[in-house]
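These numbers come from a predicted model, not from an experiment. Per chain, numbering begins at 1; letters A, B, ... match sequence-line order.
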Amino acid sequence: MPEGHTLHRLATALGQAFAGHQVRVSSPQGRFAESAALLDRRTIEDAESWGKHLWVRFDADDLVHVHLGLYGRFDLLDGVEVVPPPVGQVRLRLVRAHGAGSNVYADLRGATACELQTPEQREALVARLGPDPLRPDADPDRAWQRIRRSRAPIAGLLMDQSVVSGIGNVYRAELLHRHRVDPFRPGTSLRPGRWTGMWEDLVSLMADGVRTGVIRTVRAEDLTEAEWRDAAAWVSYVYRRAGEPCRVCGTRVRVRDLQGRNLYWCSRCQPRFRSRALQ
DNA sequence: ATGACATGATAAA
DNA sequence: TTATCCTGTCATA
């Protein structure tokens, strides 16, 4: 699940559940135990995300920086009668006891990062991140200035968190397909209008992701009636559909390893770009 | 029981 | 480019 929309939802949910309250902080798995002891019984002020990074801010400006990585998860459960004993490897557990048998707790597992940070450390990290389409102050031109100067394939640039932050393998593949862009096109070959269109679409797609909690990129008009009734068909045009027919043209979806990640695309909808210099 | 794989990122070679 | 870390789930045996 963890692309930018997941972290954005998490920040909101954690803020609603814990902001302004004293919490019990523990690390049942042990790897965050020392810091957990330091934070236990203190007050959470708020939570915030930028791209795939999440910060939970405690009083006195102590931040817990979380990055879920490929398979981390942060499960929040509200209105629980009794907080259950931890299951599996719980790195961090936050608990707010309402009393009257109604409690809230959140369990973090499998995260790449779960560490105490100062505001300065957070600043330094954010300085390395590109604009996050989910943040209202995001400046798409900052991303564009990187893209237009880079000969790297656009599919790689979209995944580079210092260019744009929050895009993962799903949004990358789907965005390129929706805009009929060859994933291997160098950044230098894109025109500004194309980027503007992609950015605006990304803002809207990711906002949908925040609203619904899932990434669903297929437009209704690209589905048959049967598919319309089948929720699974709504999910993606090309992501994880290698060998299956493209929902737009029927060509078999292709997959190739690009910088260690599976890249999915349709060779007909996203035909190979040829630069004028080569013609 | 075992292994492959995953919506990520980093450090080393 | 390759190896490595973190954890859970699903398919295969």
Side-chain angles (χ1 to χ4, degrees), chain A residues 1-11 27-33 35-36 49-55 64-77 84 86-93 106-115 117 121-122 124-130 132-134 152-153 155-178 183-184 202 205-218 232 234-244 253 255-265:
Chain A
M1 317 265 187
E3 295 197 20
H5 68 300
T6 304
L7 284 300
H8 197 274
R9 271 171 80 84
L10 221 35
S27 178
Q29 173 232 40
R31 285 189 50 194
F32 191 62
S35 305
S49 73
W50 186 308
K52 298 170 190 168
H53 297 264
L54 170 73
W55 290 270
V64 177
H65 168 235
V66 172
H67 192 297
L68 294 178
L70 191 52
Y71 40 68
R73 47 191 299 172
F74 208 160
D75 298 310
L76 177 73
L77 285 97
V87 175
Q89 302 291 303
V90 177
R91 180 94 50 88
L92 164 66
R93 170 171 273 192
D107 281 352
L108 175 69
R109 304 180 164 79
T112 289
C114 173
E115 58 186 354
Q117 277 194 343
Q121 289 173 311
R122 177 195 162 282
L125 201 163
V126 164
R128 296 190 282 113
L129 297 176
D132 175 350
L134 290 173
L157 291 168
L158 290 178
M159 288 277 275
D160 181 338
Q161 302 297 300
S162 69
V163 175
V164 191
S165 64
I167 296 182
N169 209 5
V170 184
Y171 281 124
R172 179 257 297 263
E174 295 298 296
L175 188 69
L176 289 170
H177 184 275
R178 283 171 65 99
F184 303 100
L202 193 53
L205 283 175
M206 292 182 75
D208 286 348
V210 169
R211 209 158 32 76
T212 62
V214 294
I215 303 178
R216 221 171 61 170
T217 55
V218 181
W234 275 80
V235 174
S236 71
Y237 282 107
V238 290
Y239 175 71
R240 281 255 242 174
R241 296 192 65 242
E244 294 173 57
V253 172
V255 61
R256 180 188 297 182
D257 188 278
L258 181 73
Q259 294 157 27
R261 308 300 300 284
N262 283 328
L263 167 68
Y264 301 88
W265 82 103

For the [atom1] atoms, the ones on [N] and on [M], what distance do you get once it is rounded to whole angstrom?
N	M	atom1	answer
dA4(B)	dT4(C)	P	15 Å
dC5(B)	dA3(C)	P	15 Å
dA13(B)	dC5(C)	P	14 Å

Minimum heavy-atom distance [X]-[Y], with the two atoms named:
X	Y	result
D75(A)	R109(A)	OD2-NH1, 3.5 Å
Q117(A)	Q121(A)	CA-OE1, 3.2 Å
F32(A)	E115(A)	CE1-CA, 3.8 Å
G69(A)	P2(A)	O-CG, 3.3 Å
V253(A)	V238(A)	CG1-O, 3.6 Å

Intermediate values then yes/no, side-chain contact (heavy atoms from CB on, under 4.5 Å), L134(A) and L7(A): CA-CA 10 Å; L134(A) 290 173; L7(A) 284 300; over 6 Å; no
Let me know the distance between [atom1] of [X] and [atom2] of [N], rounded to the nearest Å.
X	N	atom1	atom2	value
N169(A)	dA6(B)	CG	P	9 Å
L92(A)	dT7(C)	CG	P	13 Å
E3(A)	dT7(B)	CD	C1'	4 Å
L54(A)	dG8(B)	CG	P	16 Å

Expected output: side-chain R91(A) to main-chain A111(A) donor-acceptor under 3.5 Å: yes
Say whether, by atom type as modelled, one donor and one acceptor occur between the side chain of S49(A) and the main chain of A11(A) under 3.5 angstrom.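 Absent.
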Can you name the salt bridge (Lys or Arg N to Asp or Glu O under 4.0 Å) partners of R122(A), sequence neighbours left out?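 By the salt bridge (Lys or Arg N to Asp or Glu O under 4.0 Å) rule, R122(A) matches E48(A).
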Polar-atom pairs under 3.5 Å, protein N or O versus N or O of nucleotides 8-10 of chain C: list them with distances, or write none.
| residue | atom | partner | partner atom | Å |
| --- | --- | --- | --- | --- |
| dG8(C) | OP1 | R109(A) | NE | 3.1 |

Regarding R172(A), tell me which of base, sugar-phosphate or nothing describes its non-hydrogen contacts under 4.0 Å with the strands shown.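 Nothing, no heavy atom under 4.0 Å.
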Have a look at E174(A) and say if it touches a base, only the backbone sugar-phosphate, or nothing, with a 4.0 Å heavy-atom cut-off. nothing
ring-ring contact (aromatic ring centres under 6.0 Å, His included) involving H177(A) - partner list, sequence neighbours excluded: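 In terms of ring-ring contact (aromatic ring centres under 6.0 Å, His included), with neighbours along the sequence ignored, H177(A) is linked to Y237(A).
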How long is the span from the NZ atom in K52(A) to the NE2 atom in H67(A), to the nearest 0.5 Å?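 Rounded to the nearest 0.5 Å, the NZ-NE2 separation comes to 6.5 Å.
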To the nearest 0.5 Å, how far apart are CG in L158(A) and CG in L202(A)? 8.0 Å
Any side-chain N or O of Y171(A) under 4.0 Å from OP1/OP2 of dT7(B)? no
Under 3.5 Å, which protein N or O atoms sit close to an N or O of nucleotides 9-13 of chain B? Give each pair with its distance.
| residue | atom | partner | partner atom | Å |
| --- | --- | --- | --- | --- |
| dA9(B) | OP1 | H67(A) | NE2 | 3.3 |
| dA9(B) | OP2 | K52(A) | NZ | 3.1 |

Parallel, tilted or perpendicular, judged at 30° and 60°: which one describes the rings of H5(A) and Y171(A)?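 H5(A) and Y171(A): perpendicular rings.
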Using Watson-Crick and G-U wobble pairs with both distances under 3.5 Å, what is the 5'-to-3' dot-bracket string of DNA chain B, with [ ] for crossing pairs and | for pairs outside the strand? ||||||.|||||.
Given R31(A) and L92(A), is the side-chain contact (heavy atoms from CB on, under 4.5 Å) satisfied, shown in steps? CA-CA 9 Å; R31(A) 285 189 50 194; L92(A) 164 66; over 6 Å; no
Show each protein N/O and nucleotides 2-5 of chain B N/O combination with a separation under 3.5 Å, one pair to a line.
none

